[in-house]
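Let me begin by presenting the structure, written as structure tokens, before commenting on it.
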There are 2 protein chains.
Amino acid sequence: MINETNDKIRYTSFKFFLEKGYESTNIRDICKVVDIKPSSLYFYYKSKQELFFSIYEEIWNKKITVIKKINELNSNKSPDTRFELMYKQLIECHAKNILNEKFLLRYHMFPAEEIAMILKDRYKFWTYEEYKIFADIINECIEKGLLNSQRNTDDYFQHFKRFMLYQLTDMLIYNIKKDSKDQDEAWVNFWNYFISG
Amino acid sequence: MINETNDKIRYTSFKFFLEKGYESTNIRDICKVVDIKPSSLYFYYKSKQELFFSIYEEIWNKKITVIKKINELNSNKSPDTRFELMYKQLIECHAKNILNEKFLLRYHMFPAEEIAMILKDRYKFWTYEEYKIFADIINECIEKGLLNSQRNTDDYFQHFKRFMLYQLTDMLIYNIKKDSKDQDEAWVNFWNYFISG
DNA sequence: GTCTATAAGAGGATAGAC
DNA sequence: GTCTATCCTCTTATAGAC
């Protein structure tokens, strides 16, 4: 393990930032858990902010990588099937990495003031990366007449995001884990509403 | 105005706690806006925590008062109609006091560590007040065969709360204000799902 | 009720030795 | 890479005058 200490710092910081929030997380407490002195942490990260964003970026990066991977695996399917599989496989992935999703939700909904501006900027960047992937699928659905062309790609994407957020809060707040039969039903309901507008 | 200063303190603090969160809100900044010295604030509130909970409790108190009032106004109706009217009038009220709802959501989802334990306790107290009112309606629906008796009152209440949260996040995050036709449709969808389980 | 002045402590960050 | 020691700033809160 070349960077065992760094791994410990990242793992501990993630938990603290997730559970206590940015302001209530302090370097001293992280270092106590990692069992190093604060000055040692500053060897790896030049500031608390850099430490935070190093973790934030890694979470998004993993997430986008997974979305791209799912998209590629289903590339031979029709666009509406691809959309459905994307949803189901992504939900399953979120269920597995539920703490990552909670982390993102926390800082997107209620960003700490000190990091709010950078967060807004990075959020914009990453959601655009996400958008590009889904826009391809949605546009193909529109081209093939599977979705109404009266609404634009952006509207459809926003609509889908709201649906995902709803499923996510069910998992996060109410600890509701839906089985695949429930997910089938949820998707059918969503899609019917989706195509009718 | 006997307590003009106190009103200013409360109004300013509410905005700060809502927008910046508990930890990032500091007494000095509040006092600058109110145009008093910090020591004067401590004449009205013995601590930052007391100031916060004074505001938190007032919001809940107003909310429960409104729910009780709506319930009384519709007391002559059948329980399912009462339920529906309760939802629609409450949503309308939330739309008007959207910042109060955002305040509660913020501190219930991601409570600041320093106040987390008290918040949990007070949340329990107030949601029980809320529960008692809705439980009456739900129980009457069950008695009259308008709702399936295989699920218990608690389940129905939780289900309803999730539905409300979904409508609320639509307003809060996506700034979506539904008109009464949309609300009619949302309620019908909810109720059908509600009675079928 | 509001002020001036200040105590008391927490937390981010750095200098420099090893 | 990790340590000891310390600086500096910010923040809650209080003492006591007016």
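Numbers restart at 1 for each chain; the letters A, B, ... are given by sequence-line order, proteins then strands.
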Could you list the donor-acceptor pairs under 3.5 angstrom formed by side chains in residues 110-120 of chain B, with sequence neighbours left out?
| from | atom 1 | to | atom 2 | distance (Å) |
| --- | --- | --- | --- | --- |
| B:E113 | OE1 | A:K20 | NZ | 3.2 |
| B:E113 | OE2 | A:K20 | NZ | 3.1 |

Side chain of [X]: nearest nucleotide among [options]?
X	options	answer
A:Y42	D:dT6, D:dT12, C:dT14	C:dT14
B:F43	C:dG1, D:dT12, D:dC3	C:dG1
A:K37	C:dT2, D:dT4, C:dT4	D:dT4
A:S40	D:dT12, D:dC3, C:dT2	D:dC3
B:Y44	D:dT12, C:dA13, C:dT2	C:dT2

Can you measure [X] atom [atom1] to [N] atom [atom2] for me and round it to whole angstrom units?
X	N	atom1	atom2	answer
B:N26	C:dG11	CG	C1'	15 Å
B:L41	D:dA13	CG	P	10 Å
B:E23	C:dG12	CD	P	12 Å
B:K46	C:dG1	NZ	P	20 Å
B:D29	D:dA13	CG	P	15 Å
A:I36	C:dG12	CD1	P	13 Å
A:Y45	C:dG11	OH	C1'	20 Å
B:L51	D:dT11	CG	P	16 Å

Taking 4.0 Å as the cut-off, does a side-chain nitrogen or oxygen of A:S39 come that near to OP1 or OP2 on C:dA13?
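It does not, given that no N or O in the side chain of A:S39 lies less than 4.0 Å from OP1 or OP2 of C:dA13.
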Classify B:T25 by what it touches in the nucleic acid, base, sugar-phosphate, or nothing, heavy-atom distance under 4.0 Å.
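If one applies the 4.0 Å heavy-atom cut-off, B:T25 turns out to touch the sugar-phosphate alone, with no base involved.
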Sugar-phosphate only, base, or nothing, as touched by A:K48 at under 4.0 Å among non-hydrogen atoms
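Sugar-phosphate: the residue A:K48, judged by heavy atoms under 4.0 Å, touches backbone atoms but no base.
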Which ring-ring contact (aromatic ring centres under 6.0 Å, His included) pairs, counting each pair once, include a residue from residues 25-47 of chain B, with sequence neighbours left out?
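Found none.
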Could you check whether B:R122 makes a cation-pi contact with B:Y56, meaning its NZ or CZ is under 6.0 Å from the centre of the six-membered ring and within 45° of the ring axis?
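No; the conditions do not both hold, so B:R122 does not lie above the ring face of B:Y56.
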Ion pair present between B:E185 and B:K181, side-chain N to carboxylate O less than 4.0 angstrom?
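Here B:E185 does not pair with B:K181 in a salt bridge, since their nearest N and O are not under 4.0 Å apart.
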Does a salt bridge link A:K144 with A:D80, judged by any charged N lying under 4.0 Å from a carboxylate O?
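So A:K144 does not pair with A:D80 through a salt bridge.
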